[in-house]
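Written below as structure tokens is the structure these notes are about.
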Amino acid sequence: FFDNVLLPKICNDFSADVLFTMCNNGPIRAPCRHVVMLRRPQFAYSEVELSAAKIEMSVTLKILKWLYQVTIKSAVALIFQTATMRDRVANVYSFSAPSFLVGKTVSAPIATSTNDEYNSQQIVKVERARAGLSFLYLTKYSPHKKIEGACEAVAAARHRGLDVSLTITLSSSEGPGC
């Protein structure tokens with residue numbers, strides 16, 4: 001209900017340019033461009049592989065895998081944490097969207113790197129971003145989500161003159177930085 005009824009309404013209400021779902025699925029028909037990140041490893045394995053690993057193919061898991069398959073067909077990009085997961089998904093599903101690898105600690109290497117070539121590649125990526133983007137980050141606070149990094153990225157993009165906005169759904173009671 002949330003993914004397919006409420007989330008599209010929220011995207012429309014905020015005039016979202018891009019919906020970035022980091023928890024596998026999202027709406028079957030997103031009202032804007034949709035980027036999907038795989039976080040549930042069971043989706044990257046066939047039923048035979050899951051059975052061999054003694055992972056039960058419950059009705060819920062079957063439905064979620066089917067929803068993932070449907071969702072990625074209309075995604076504009078897919079994000080994976082490892083090349084292995086990307087390759088496994090490519091073997092289990094067909095998709096035409098470009099795929100990108102993003103590790104769990106994206107902000108740390110950028111903030112601490114002294115490698116000029118790496119840093120210039122990151123700057124080029126930021127400069128290629130389309131101006132006028134608005135992001136809505138539906139979340140609850142948790143340190144591993146690196147919400148501060150999203151804020152820093154928006155600040156850096158604005159410093160470079162890009163028209164970017166970020167709305168985060170946090171309450172001030174959720175943590176000291178909120």
Interatomic spacing from [atom1] in [X] to [atom2] in [Y] - rounded to 0.5 Å:
| X | Y | atom1 | atom2 | answer |
| --- | --- | --- | --- | --- |
| Q69 | S94 | CD | OG | 6.5 Å |
| L6 | C11 | CG | SG | 11.0 Å |
| M37 | L78 | CE | CG | 11.5 Å |

Side-chain heavy-atom pair F80, D87 within 4.5 angstrom cut-off: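 Side chain of F80 against side chain of D87, heavy atoms only: no contact under 4.5 Å found.
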Check: S99 and V89 side chains under 4.5 Å, non-hydrogen atoms: no
Derivation and outcome, side-chain contact (heavy atoms from CB on, under 4.5 Å), residues N25 and V36: CA-CA 7 Å; N25 294 335; V36 180; over 6 Å; no
Any pair counted as side chain to side chain donor-acceptor pair (under 3.5 Å), so long as it reaches residues 1-10, sequence neighbours left out: K9-D13
Under 3.5 Å: donor-acceptor pair, side chain of [X], backbone of [Y]:
| X | Y | result |
| --- | --- | --- |
| Y93 | F43 | yes |
| R86 | F100 | no |
| K65 | Y45 | yes |

same_hphob_cluster(F14, V5) at 4.5 Å side-chain heavy-atom cutoff: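 Shared cluster, yes.
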Single-linkage hydrophobic cluster, 4.5 Å side-chain cutoff, V48 and W66 together: no
Determine the minimum heavy-atom distance between [X] and [Y], stating which atoms define it.
| X | Y | answer |
| --- | --- | --- |
| C32 | V18 | SG-C, 3.8 Å |
| T71 | G26 | OG1-O, 4.0 Å |
| M85 | A44 | CE-CB, 3.5 Å |

Trace of the side-chain contact (heavy atoms from CB on, under 4.5 Å) decision for H34 with R29: CA-CA 9 Å; H34 188 190; R29 289 183 188 84; over 6 Å; no
